J.: 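Structure below; questions to follow.
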Amino acid sequence: MAESKSRIGQILIREGVIDAETERKAAEIQDQHPSRKFGEILVRDLGVDHHAIFSRLAKVYAFKEFDFQAEGFEEAGCEFVKKTLETLPEAVREQALAKRVLPLKALDKPQDRLLVVTPDPTDREVMGIAGQFGYRRPEIYYGRLDVIEGLIDRIFPPKNEFLDILKSVNAPAAEEAADEHLDEASLDAEINQSMLTNLVEGCLVEAVRQGASDIHIIPQEGNRTEFHFRIDGNLQLWYAQEATKPEAVVAVVKDRSRGVDRFEREKAQDGFIQRQVDGFLIRFRVSVLPIAGAQPERRFESVVIRILDDRKVVTDLNKLGLQSAALNAFQAAIAKPQGIVILTGPTGSGKSTTLNAALHSVIDPTVCVLTIEDPVEYVLRGARQIKIGPRLRFEDAVRAILRHDPDIVMVGEMRDLETAQTAIKLANTGHLTFSTLHTNDAPSAISRLYKMGVEPFLIANAINIVVAQRLIRTLCKECRQPADQVDRDAYLQAGMAEAQLAQARIHQPVGCPSCHNNGYKGRAGIHEALTFTKEIRQLIVSSGDAVDEEAIRSLALSQGMMSLRQSGLGRVAEGQATLEEVLAATTTGE
């Protein structure tokens with residue numbers, strides 16, 4: 001084994017944070033970009049957890065760790081940080097915030113010892129910055145990056161220049177005409193208000209910063225338009241625009257969207273927007289649908305904007321959070337040179353995220369990877385993503401890929417018999433194929449293909465694995481607490497085994513500024529991985545007039561498959577989720 005070029009790399013290998021192969025890859029990247037730091041490369045390029053790296057390095061270099069939760073850092077501490085930083089020259093303050101170096105509290109008499117926290121105490125610039133805080137003896141502590149960034153956002157929230165302008169403008173009330181027929185001239189007058197422009201632009205920026213997956217713009221009666229953000233799967237009201245015709249608000253969105261006609265109000269339209277937000281290019285997919293209202297003469301339209309942020313793309317299967325049994329089964333299925341890998345679940349269950357991670361793990365320069373998606377949401381380096389349009393329909397693209405010499409194919413969805421048969425043909429002629437189906441669980445995917453018209457022996461021979469997936473909200477790591485009381489009967493009735501309950505670490509939501517006081521932050525997947533063993537294949541081939549889903553489920557469970565409900569209960573036992581979240585996402589049979 002070649003000797004490590006980086007002392008940090010040697011330390012992290014010794015501490016068990018990374019392996020030699022990861023260190024080698026990071027060293028190669030650093031050779032190409034000498035100005036980049038080794039730890040930064042591990043985090044940004046190779047997906048190693050920031051806390052795992054820098055907490056170990058802090059210990060090696062004898063820096064203490066500041067535990068925000070154990071220390072009970074509250075609002076008074078925030079005021080100290082803010083007051084200290086605001087007394088500094090602007091250039092010093094900006095440098096401290098950029099490097100995430102915060103003065104947390106004075107340790108003794110004024111102007112003597114100061115506790116300074118940073119996510120990288122090994123950075124040589126940290127001591128120089130801390131030395132300008134006005135205390136004689138700054139003491140550097142390590143702190144978690146996510147906590148420090150959350151603290152900075154609370155104390156110095158990023159400015160949204162569009163909303164700042166909006167606040168300074170008093171929106172003129174729209175004059176209510178005797179009848180409510182749409183007047184294009186008066187509508188243009190409302191559209192031309194800078195207020196509406198700033199509202200829409202500010203909404204796009206704020207949705208990205210709050211981590212929303214979608215923006216819903218909903219017209220209401222009384223010239224009211226509501227803006228909702230979907231965060232962690234739930235819609236939350238962000239803003240309501242009063243005294244402005246909803247048609248004017250929607251028209252502003254249309255004007256900023258490519259591929260959308262502002263004057264078309266009677267058919268569905270799709271478009272897109274691109275914006276730079278905090279230095280990153282963000283893409284927005286716009287869907288416009290005409291809807292009915294209590295005032296039939298009005299032309300109401302609903303707008304949903306999907307936020308496509310490449311920073312959220314998961315490229316490492318290990319980061320998907322699959323539990324060990326499902327992860328091992330999935331990795332074994334995609335390691336095969338041929339066969340179909342199917343993801344099932346409702347819209348918004350994370351199927352595309354899982355497929356993208358799987359594709360990243362199998363893409364290499366020696367294979368031809370083709371994808372057919374409608375629409376293409378994220379660009380996959382190393383794959384040729386076929387662009388669907390008026391002259392190349394989804395069905396035509398599916399037929400065309402057979403002539404394009406693929407090794408690996410992703411068909412976004414098996415939506416009809418022709419698509420399913422093409423996927424089956426690819427799998428049976430030596431191609432690894434990925435696709436999705438909208439079914440409730442893994443066994444029902446087999447039944448769905450059978451009802452489409454695919455022969456049982458083709459289903460049995462072509463499929464490697466079917467993975468059903470759901471997303472559930474996870475408890476905030478900053479404030480979750482062990483449950484005060486555990487209703488044992490409720491957990492046992494839900495399906496948790498006695499032995500599992502006895503060892504479970506049941507937690508409950510609390511609420512803190514980090515999670516906007518709702519107790520939940522982020523989501524995790526729960527999975528049901530149906531591997532096509534020899535016995536499962538034989539059971540499918542012997543199907544008569546209908547596929548026996550329950551027989552398949554029972555056999556798979558006896559062979560070690562974990563159901564969706566069991567997967568969710570595993571999250572509960574680990575203290576990551578609540579029983580209520582799991583029950584809402586699964587049924588007893590799952």
Side-chain angles (χ1 to χ4, degrees), residues 3-18 22-68 71 73 80-82 84-108 111-153 155-156 278-279:
E3 184 179 349
S4 171
K5 296 181 180 179
S6 163
R7 182 164 182 258
I8 291 177
Q10 292 176 337
I11 292 170
L12 295 175
I13 290 174
R14 186 175 67 244
E15 293 286 318
V17 179
I18 62 174
T22 302
E23 191 275 341
R24 183 189 63 78
K25 290 179 180 178
E28 288 179 356
I29 296 173
Q30 193 174 45
D31 286 342
Q32 298 171 6
H33 305 280
S35 62
R36 295 187 62 189
K37 294 182 178 180
F38 195 81
E40 174 202 349
I41 292 170
L42 288 172
V43 174
R44 294 192 178 181
D45 296 56
L46 301 178
V48 183
D49 182 69
H50 186 282
H51 179 60
I53 294 172
F54 289 95
S55 63
R56 296 295 205 294
L57 292 178
K59 289 180 181 177
V60 169
Y61 288 102
F63 289 102
K64 295 179 182 178
E65 179 175 351
F66 186 82
D67 189 330
F68 285 85
E71 295 287 339
F73 192 79
F80 178 84
V81 175
K82 184 176 182 180
T84 304
L85 288 176
E86 285 182 341
T87 60
L88 301 175
E90 184 177 355
V92 177
R93 181 171 65 251
E94 292 300 322
Q95 186 184 19
L97 292 174
K99 285 286 185 178
R100 309 293 192 261
V101 181
L102 299 184
L104 282 195
K105 58 182 178 180
L107 294 174
D108 46 28
Q111 310 307 116
D112 192 16
R113 292 170 59 227
L114 174 71
L115 192 157
V116 178
V117 68
T118 177
D120 182 9
T122 65
D123 190 330
R124 296 178 180 177
E125 295 182 39
V126 168
M127 184 55 77
I129 296 170
Q132 300 182 69
F133 289 160
Y135 287 74
R136 288 191 299 166
R137 296 166 55 198
E139 294 187 9
I140 310 300
Y141 279 63
Y142 164 77
R144 289 183 63 108
L145 175 63
D146 54 349
V147 179
I148 292 174
E149 288 186 335
L151 192 60
I152 291 173
D153 287 343
I155 300 171
F156 298 101
D278 298 331

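All values reported here derive from a predicted model rather than from experimental measurement.
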J.: Could you check Ile53, Ile11, Leu57 and say which one makes a side-chain contact (heavy atoms from CB on, under 4.5 Å) with Val17?
T.: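 When side-chain contact (heavy atoms from CB on, under 4.5 Å) is applied between Val17 and each of Ile53, Ile11, Leu57, only Ile53 qualifies.
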J.: Rounded to the nearest 0.5 Å, what's the gap from CD1 on Ile148 to CZ on Phe68? Could you check?
T.: 5.0 Å
J.: Answer yes or no: is there a side-chain heavy-atom contact under 4.5 Å between Leu12 and Leu42?
T.: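 In short, these two side chains touch, coming nearer than 4.5 Å.
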J.: Test side-chain contact (heavy atoms from CB on, under 4.5 Å) on Val43 and Leu145; report intermediate values, then the result.
T.: CA-CA 12 Å; Val43 174; Leu145 175 63; over 6 Å; no
J.: Looking only at heavy atoms, which two atoms of Thr84 and Phe133 are closest? And how far apart?
T.: CG2-O, 4.2 Å
J.: For the CG atom of Leu151 and the CZ atom of Arg144, what is their distance to the nearest 0.5 Å?
T.: 14.0 Å
J.: How long is the straight-line distance from CD1 of Ile129 back to CE of Met127, given to the nearest 0.5 Å?
T.: 11.0 Å
J.: Using side-chain contact (heavy atoms from CB on, under 4.5 Å) as the criterion, list what pairs up with Val126, not counting sequence neighbours.
T.: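 Partners of Val126 by the side-chain contact (heavy atoms from CB on, under 4.5 Å) criterion, ordered by chain and then number, come out as Val101, Thr118, Asp123, Ile140.
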J.: What's the shortest heavy-atom distance between Ala130 and Pro138, and which atoms?
T.: CB-CB, 3.9 Å
J.: Going through the checks in order, is the side-chain contact (heavy atoms from CB on, under 4.5 Å) test met by Val116 and Leu102?
T.: CA-CA 6 Å; Val116 178; Leu102 299 184; over 6 Å; no
J.: Do the side chain of Arg93 and the main chain of Leu88 share a donor and acceptor less than 3.5 angstrom apart?
T.: yes
J.: Tell me every residue that passes side-chain contact (heavy atoms from CB on, under 4.5 Å) with Lys25, counting only those two or more places apart in sequence or in another chain.
T.: Glu21, Leu46
J.: Which value, rounded to the nearest 0.5 Å, describes the distance between Gln10 atom CD and Ile18 atom CD1?
T.: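 Taking CD in Gln10 and CD1 in Ile18, the distance rounds to 10.5 Å.
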J.: List the steps, then state whether side-chain contact (heavy atoms from CB on, under 4.5 Å) holds for Leu114 with Leu104.
T.: CA-CA 8 Å; Leu114 174 71; Leu104 282 195; over 6 Å; no
J.: Provide the closest heavy-atom pair for Glu65 versus Tyr141 in the form atom of the first, atom of the second, distance.
T.: C-CD2, 4.1 Å
J.: With a 4.5 Å heavy-atom cut-off, do Glu15 and Val60 have their side chains touching?
T.: yes
J.: Restricting to non-hydrogen atoms, name the atom on Ala52 and the atom on Arg56 that form the minimum distance, rounded to 0.1 Å.
T.: O-CG, 3.0 Å
J.: Measure across Gly9 and Phe38 and return the closest heavy-atom pair with its distance rounded to 0.1 Å.
T.: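 Gly9 and Phe38 have their closest heavy atoms at CA-CE2, 3.7 Å.
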J.: Measure the shortest side-chain to side-chain distance between Glu139 and Leu115 over non-hydrogen atoms and say whether it is less than 4.5 angstrom.
T.: no
J.: List the atom of Ala58, the atom of Tyr142, and the distance in Å for their closest heavy-atom pair.
T.: CB-CB, 3.6 Å
J.: Roughly how far apart are Lys105 NZ and Arg113 CZ, rounded to 0.5 Å?
T.: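 So the NZ of Lys105 and the CZ of Arg113 are separated by 10.5 Å.
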J.: For the pair Arg100 and Glu149, find out whether any cationic side-chain nitrogen is under 4.0 Å from an anionic carboxylate oxygen.
T.: yes
J.: When you measure from the side chain of Gln30 to the backbone N and O of Arg36, does any donor-acceptor pair fall under 3.5 Å?
T.: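 Checked: pair present.
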